[in-house]
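Each remark here refers to the structure printed beneath this line.
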Amino acid sequence: MKVYNTLTREKEDFVPIHKNRVNMFVCGPTVYDMPHIGHARTYVAFDAIARYLRYKGYQVFYLMNITDIDDKMIQRANERGIAVKELARQYTDAFMQDMEALGVTSVNLYANATDYIDEIIWQVKTLIEKGYAYESNGSVYFEVNKFKGFGKLSRQKMDELKAGARVELDENKRNPEDFALWKAHKEGEPWWESPWGKGRPGWHVEDTAITFTYFGEQYDLHGGAQDLIFPHHESEIAIAESISGKEPFVKYWLHTGFLNLKGEKMSKSLGNVLTIREMTKRYLADTLRFYFLYTHYRSPIDFSFDDLEETHRALTGMKRNAQDLREIAKSAEPDMSEAVKFRERFIEVMDDDFNTREAIANLFSLFNEANKHRDNPALVAGYLKVAGEIANVLGIRLFTVQSGGKEKEILQILLDLREQARENKDWATSDYIRDRLKEIRIIIEDTREGQKVRWE
Ligand code: AMP
């Protein structure tokens, strides 16, 4: 199996550090706003990668951090007049709901940065002791020129880095390119006690503290979108390798291309976002996943509703076909003689740096072939077995045909009606809607934030 490693800019053989175990970490969101479909693109890509590694028989420990303290969080919490903790709680909940809605189920553990303050402080202390970091007015900085390997991931030379960093003036730093490991407390900001006084952690050290806790000094696979290569991942390498003296900190670095809207990266700061929440109301998660995965994870996606509609039509057609073939296969014992070549092709393309685009093309070819053997239930059953395996790795429910996401809109209409009934204290109607939905295993819970829906 080959994966493209940003560190070497090459497709390399995938050989985990500890035999069959894959320790995998992907940078999670900064929880100050609703996640958008740019996030969805990245997290669906890594979800498919984790699913495929498991399909191949690896024991995957998939860890994701949640950045619940940083400048943007503080600014947003202040604008809204709420505590940073409260803001983090709201948007962490929203993120979890959105991941569930998208079928991103492969993460084993989500780790909040603020739960690892002791580990962060230990790393910062160790870096000072080893001469890589210095304290200045209650803040601690990593002295970049002390780490010889700085720039190896982003392929930048030290003088380019220095030139690039000059814009960021901070009189506490010895050199403009140094980055903060610990930030001295400022009025109105959350703080923790530390050997350097009250303060809060810098961004890069949050992730290294979390991964050292679970994986130790070195691990297999680190992911994120391409914007994180520099400075974030470069700085993580500097921190980790300076502490451990071992390299590589991470064996394989994987980076997703951006999801763009009209040529610009979709991002909260640019304000050109389509939230996962609104998109999963309008489209099935399956459609969104199929759409994202039909582009290789390293290539950019230029988002378009027309393409999404087209994907929806193609996927619905495939699902109908799958149901129809299931009628033919009934309980026939699968004959794998023909289908097996599609499984082999699937493994071949996914082994080539997780080529989900080709995997989907292969799935379409499988159905074409299966349709030619409708007179043979055992062969059809074999094709369906392989189709089910592929769909499972892609995270698509092949055998549920839904009416283009409309049922979600219908559910929303019912929820709105129930909301109105409750406002009018018409408890009979409100209970009736809740009970009837419960009969079809849609559970409504009334929470402080309003009605929450759970599909059982
Ligand atoms: P953030 O919440 O901005 O820290 O982003 C969380 C993750 O989503 C990071 O890996 C980002 O690089 C990734 N991400 C953010 N915007 C996009 C986008 N438009 N396309 C793909 N990935 C993105």
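We count ligands from 1, going down the list as the structure has it; atoms in each ligand are counted the same way.
Between E445 and K452 there is no salt bridge, since none of the side-chain N atoms of the basic residue sits less than 4.0 Å from a carboxylate O of the acidic one. Salt bridge K152/E234: absent, no basic N to carboxylate O contact under 4.0 Å. Between D351 and K56, at least one side-chain N (NZ, or NE/NH1/NH2) sits under 4.0 Å from a carboxylate O, which counts as a salt bridge.
Checking D353 against Y297 by side-chain atom types alone, a donor-acceptor pair falls below 3.5 Å. D352 and N355 form no side-chain donor-acceptor contact under 3.5 Å, judged by distance and modelled atom types alone. Side-chain contact check for T208 and Q123: at least one donor-acceptor pair (N or O, by modelled atom type) lies under 3.5 Å.
Heavy atoms only, all atoms of each residue included: T295 and P300 are closest at CG2-O, 3.6 Å. Across all non-hydrogen atoms, the minimal contact from H222 to C27 is CE1-SG, 3.6 Å.
Of all protein heavy atoms, the one closest to atom 22 (N) of ligand 1 is T42 OG1, 2.7 Å. Of all protein heavy atoms, the one closest to atom 18 (C) of ligand 1 is G38 CA, 3.4 Å. Of all protein heavy atoms, the one closest to atom 13 (C) of ligand 1 is A225 CB, 3.8 Å. In this structure, the protein non-hydrogen atom closest to atom 20 (N) of ligand 1 is L259 N, 2.9 Å.
Counting heavy atoms only, M266 comes closest to atom 19 (N) of ligand 1 of the residues K268, M266, H36. Looking at H255, H39, R41, it is H39 that brings a heavy atom closest to atom 14 (N) of ligand 1. Of the options Y91, W203, Y43, the smallest heavy-atom separation from atom 6 (C) of ligand 1 is shown by Y43. Counting only non-hydrogen atoms, the option in L228, N65, V273 that gets closest to atom 9 (C) of ligand 1 is L228.
The shell of residues lying under 4.0 angstrom from ligand 1, judged by heavy atoms, excludes Q226. Under a 4.0 angstrom heavy-atom cut-off, T30 registers as being in contact with ligand 1. Heavy-atom separations between P35 and ligand 1 are all 4.0 Å or longer. Under the 4.0 angstrom criterion for non-hydrogen atoms, G223 is not in contact with ligand 1.
Taking the six-membered ring wherever Trp is involved, the centroid distance between the rings of Y219 and F61 does not fall below 6.0 Å.
Numbered from 1 in the order shown, with element, the atoms of ligand 1 that lie under 4.0 Å from a heavy atom of P29 read 2 (O), 6 (C). Ligand 1 places these atoms under 4.0 Å from at least one heavy atom of G28: 6 (C). Residue-ligand proximity, G257 to ligand 1, at heavy-atom distances under 4.0 Å covers atoms 21 (C).
Under 4.0 angstrom from ligand 1, the non-hydrogen atoms of D227 all belong to its side chain.
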**OP:** Would you please test D220 and M24 for side-chain contact (heavy atoms from CB on, under 4.5 Å) and show each step?
**Re:** CA-CA 6 Å; D220 302 294; M24 158 170 178; over 6 Å; no
